[in-house]
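Heads up, the thing below is written out as structure tokens.
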There are 2 protein chains.
Amino acid sequence: MSPRAINARTRLLESARDVIRAKGFSATSVDDLCKTAGVTKGAFFHHFKSKEELGVAAADFWSETTAALFAGAPYHQPDDPYDRLIAYLEFRKDLLAGDLPDYTCLVGTMAQEVYDSAPAIRDACHASISGHAMTLVPDIRAAMAARGVSGFTPESLALHTQAVLQGAFILAKSGNSVSFAQDSVDHLIRYVSMLFSQSREEKK
Amino acid sequence: MSPRAINARTRLLESARDVIRAKGFSATSVDDLCKTAGVTKGAFFHHFKSKEELGVAAADFWSETTAALFAGAPYHQPDDPYDRLIAYLEFRKDLLAGDLPDYTCLVGTMAQEVYDSAPAIRDACHASISGHAMTLVPDIRAAMAARGVSGFTPESLALHTQAVLQGAFILAKSGNSVSFAQDSVDHLIRYVSMLFSQSREEKK
DNA sequence: CAAATTACCAACCGGTCGGTATGTTTGCAA
DNA sequence: TTGCAAACATACCGACCGGTTGGTAATTTG
């Protein structure tokens, strides 16, 4: 790929990431993206055969960049799987900074909009959310085993953390304040810490 | 208001409720709504001065109809506030039936899309979510007092339940399966039951 | 009952949408 | 140097968008 190609295609994907998070997928026009990326419409349709294909590519791009972000994050350092899980949630809470469109989730936003009109985008969004959740499963499974916790699957708890985060974004958007999201993540952290607390044998 | 008016305006709001939940706000055209409601575009702009005003009216309509639904629901019957709270969550889980667009939340869908392009709609959505959440606060507060639970506000827990539900809808849509939502509500019920379990004094 | 108001309609408007047709430029290989 | 494909740019299209128009029919009001 030539240097020019890297710039145009990548800049379009970065523009999609930013503009779609702010305006939504449907309300974002191809011209919007071209203008933001500083390319022409011809370049757009050279790299993506349709707006829908860009949506899929944007979801995949999101998967890759967020995977790199989380892989390099410090929450993997604790030795205990449970501590790593809590550190992950604290890390997610710390990410709730800056302007609203900067910390919300591209694929959560898109999935809601296109789930019945663009199945390909929806599937890419699901793969992104689910794929990220699955990175938590080994630690959840190990923590459950180490502390004798049962009654649910590791996968369901991993997905539940993502559900809380997605819901927290919606509350933050509608209420126009990040504090709604922070409060919900606090409840999630409390839930996980209670799930794995040593005194669970006390439950009736 | 004349019979004719009731029909056209209400049918437009009902169409908005159904079509927007399926396609999203931006992707829903005024012509779509008119065709679904069986009225002309002139009638649409007679009742609503803009598409945005319809969005606000649809959010308000949603608030009213869901308030009536929950007011008449059976989860208010238990004598204990905690039991009522659990019954509410079970009721929400029972509502997860039928096709996806039938049980998802109109205002959660809209808020995500329009939060920076149509503040009036966003505020109406927030009022709807928040207003419904606040109906849970008295029971949460009473349950906290009765069982000596503290460490968070009743309001934050009420909003957290809505965050989980909104996030559950996103997972259900992206994964195209209601089971994702049901699993998350199960985790929420487990969280609430642990919060108010009698053995909480065991916590370290 | 006449006047005013509301409810509604069909046709239409300027503008924007996603997408295409047809170039021109660039980088690289032979 | 030339050939050639990929990487862009320009100009444009038909369809559709939200919204407006001028008008008619029904209802309410004094």
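Every chain is numbered from 1, with letters handed out A, B, ... down the list of sequences.
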So which protein N/O to nucleotides 9-13 of chain C N/O distances come out below 3.5 Å?
unit_1: dC9(C); atom_1: OP2; unit_2: Thr40(B); atom_2: N; d: 3.3
unit_1: dC9(C); atom_1: OP2; unit_2: Thr40(B); atom_2: OG1; d: 3.3

d(CZ, Phe44(A); P, dT20(C)) in whole Å: 12 Å
Between Tyr191(B) and His160(B), ring centroids under 6.0 Å: yes
Nearest heavy-atom neighbours spanning Cys105(A) and Arg21(A): C-CD, 4.4 Å
Between P of dA11(D) and NE2 of His46(A), the distance in whole Å: 20 Å
Phe25(B) CZ to dG18(D) C1', straight-line distance once rounded to whole Å: 11 Å
Length of the line joining Leu54(B):CG and dG19(D):C1', which is rounded to integer Å: 14 Å
Criterion side-chain contact (heavy atoms from CB on, under 4.5 Å) on Phe152(A) and Met144(A), from CA distance to verdict: CA-CA 10 Å; Phe152(A) 57 89; Met144(A) 287 173 71; 3.7 Å; yes
Protein-nucleotide distance (Lys35(B), atom NZ; dC8(C), atom C1'), rounded to Å: 20 Å
Any side-chain donor near an acceptor of the partner, Tyr88(B) and Arg92(B), under 3.5 Å: yes
Cationic tip of Arg17(A) above Phe61(A) ring, under 6.0 Å, 45° of axis: no
Between dT25(C) (P) and Asn7(A) (CG): distance, integer Å: 20 Å
Pairing of Glu155(B) and Arg141(B) as salt bridge, 4.0 angstrom limit: yes
Sugar-phosphate, base or nothing in reach of Thr28(B), heavy atoms under 4.0 Å: sugar-phosphate
Whole-Å gap separating P (dC12(D)) and CG (Asp31(A)): 16 Å
Length of the CG-P vector between Asp32(A) and dC17(C), whole Å: 7 Å
